[in-house]
Amino acid sequence: MSEDMPDGVPGDVSGDMSGAASGDASGESKPRRRQARGERRIAQLLQAAANVFCSNGYTAASTNAIAREAHVSPGTLYQYFPNKEAIAIELGERLLHQMREAHGQAFTPENLGLPLPELLDAVVDPMIEFNCANPAFLALMHGSDAPGRIAEEHDALHVSLLARVREVIAHYAPGIPPQDRARIADMTFATFKGGLDLVLAAPEGPERDAVIAELKTLLLRYLIPLTEGSSPAPPVTTTRNR
């Protein structure tokens, strides 16, 4: 592999002073160009790390393997990240941010006004879409060897999600006592996570769509009997599930 020419790190202005000193107006734009190039390089390295973590797991992954996947030299990688853990933390934080955004779009007051089957679509679909698009999330977050900082942030997100599920159950079945509501939320979330593993393992296309439909059917058959007689939304049928 040929050695890459070093790119400037974000914010690095070395090498640009000559233009500025000579009165070249373009000297002011060079740091911004360097920063944009640095951000592209970081994105390239993080995508390569995601691929390697998915293939090998976090423990077996190495910075050399990530550099090879990114088609850069190890020296170029070390300009941006000092070690594998730093790469994993940056990747994990970006994925967690994206996942929080997906959840924010799912658990909205507007969605709580939907009938339960439609609410399930609104909540489950973005979560499945995120995980299918980012398989590195589960590979990194659910590994016992994940960096502690990422594991802590993931645990906090998990607690937040469970609280949202309890709120949904309280909305559709307000007569359920809080202790039972917490147990039902735990079971619902565990069922979803187990079904998500099957969704991710299924080939993309009709088979994956069928597994998603089965997961939704399972969740509905568990939740609807709990909400009958107390749901604020009128009863409806859904054509998306059997």
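By convention here, the first residue in the shown sequence is residue 1.
Annotation for P135 and C54: closest pair C-SG, 3.5 Å, computed over non-hydrogen atoms. Here the closest non-hydrogen pair linking C132 and V199 is SG-CG1, 4.1 Å.
Remark: the backbone N or O of A202 is not paired with any side-chain donor or acceptor of E207 at under 3.5 angstrom. The backbone N or O of A185 sits nowhere less than 3.5 Å from a side-chain atom of R166 that would complete a donor-acceptor pair. Under the 3.5 Å distance criterion, the side-chain polar atoms of N83 are matched with a main-chain donor or acceptor of A86. In this structure, N111 contributes its side chain and F107 its backbone to no donor-acceptor pair below 3.5 Å. Between the S55 side chain and the V52 main chain, no donor and acceptor come within less than 3.5 Å of each other.
The 12-atom threshold is exceeded at CD of E93, counting heavy atoms of other residues, nucleotides or ligands nearer than 6.0 Å. Dense packing is recorded around CD of Q179, with more than 12 heavy atoms of other residues, nucleotides or ligands lying under 6.0 Å away.
A 4.5 Å side-chain heavy-atom check between L196 and M127 finds every atom pair outside the cut-off. I128 has its side chain within reach of F192: a pair of non-hydrogen atoms, C-beta onward, lies under 4.5 Å apart. Annotation: side chain of E90 is not in contact with side chain of Y80 (no heavy-atom distance under 4.5 Å).
From K193, atom NZ reaches atom CG of N131 across 11.0 Å, with rounding to the nearest 0.5 Å. Between the CG atom of D121 and the NZ atom of K216 there is a distance of 3.5 Å, given to the nearest 0.5 Å. For the atom pair CG (L45) and CZ (R40), the distance works out to 13.0 Å, reported to the nearest 0.5 Å. If you take CG on L114 and OH on Y172, they are separated by 5.5 Å, rounding to the nearest 0.5 Å. Once rounded to the nearest 0.5 Å, the distance linking CD1 of I87 with CD1 of I66 reads 4.0 Å. Here the NZ atom belonging to K84 is positioned 11.5 Å from the CG atom belonging to N64, to the nearest 0.5 angstrom.
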- Task: Might you work through the salt bridge (charged side-chain N to carboxylate O under 4.0 Å, His left out) test for D180 and R183, ending with a clear yes or no?
- Result: CA-CA 5 Å; D180 294 339; R183 190 184 313 111; 3.0 Å; yes

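Side-chain polar atoms of S73 and T76 form a donor-acceptor pair below 3.5 angstrom. Between the side chains of H171 and E167, no donor-acceptor pair is found at a separation under 3.5 Å. Using modelled atom types and a 3.5 Å distance limit, the side chains of T191 and Y222 yield no donor-acceptor pair.
Residues L218 and F189 are members of separate hydrophobic clusters, defined by side-chain heavy-atom contacts under 4.5 angstrom among Ile, Leu, Val, Met, Phe, Trp and Tyr. Following chains of ILVMFWY side-chain contacts shorter than 4.5 Å, one can reach L223 starting from M187, so the two form part of one hydrophobic cluster.
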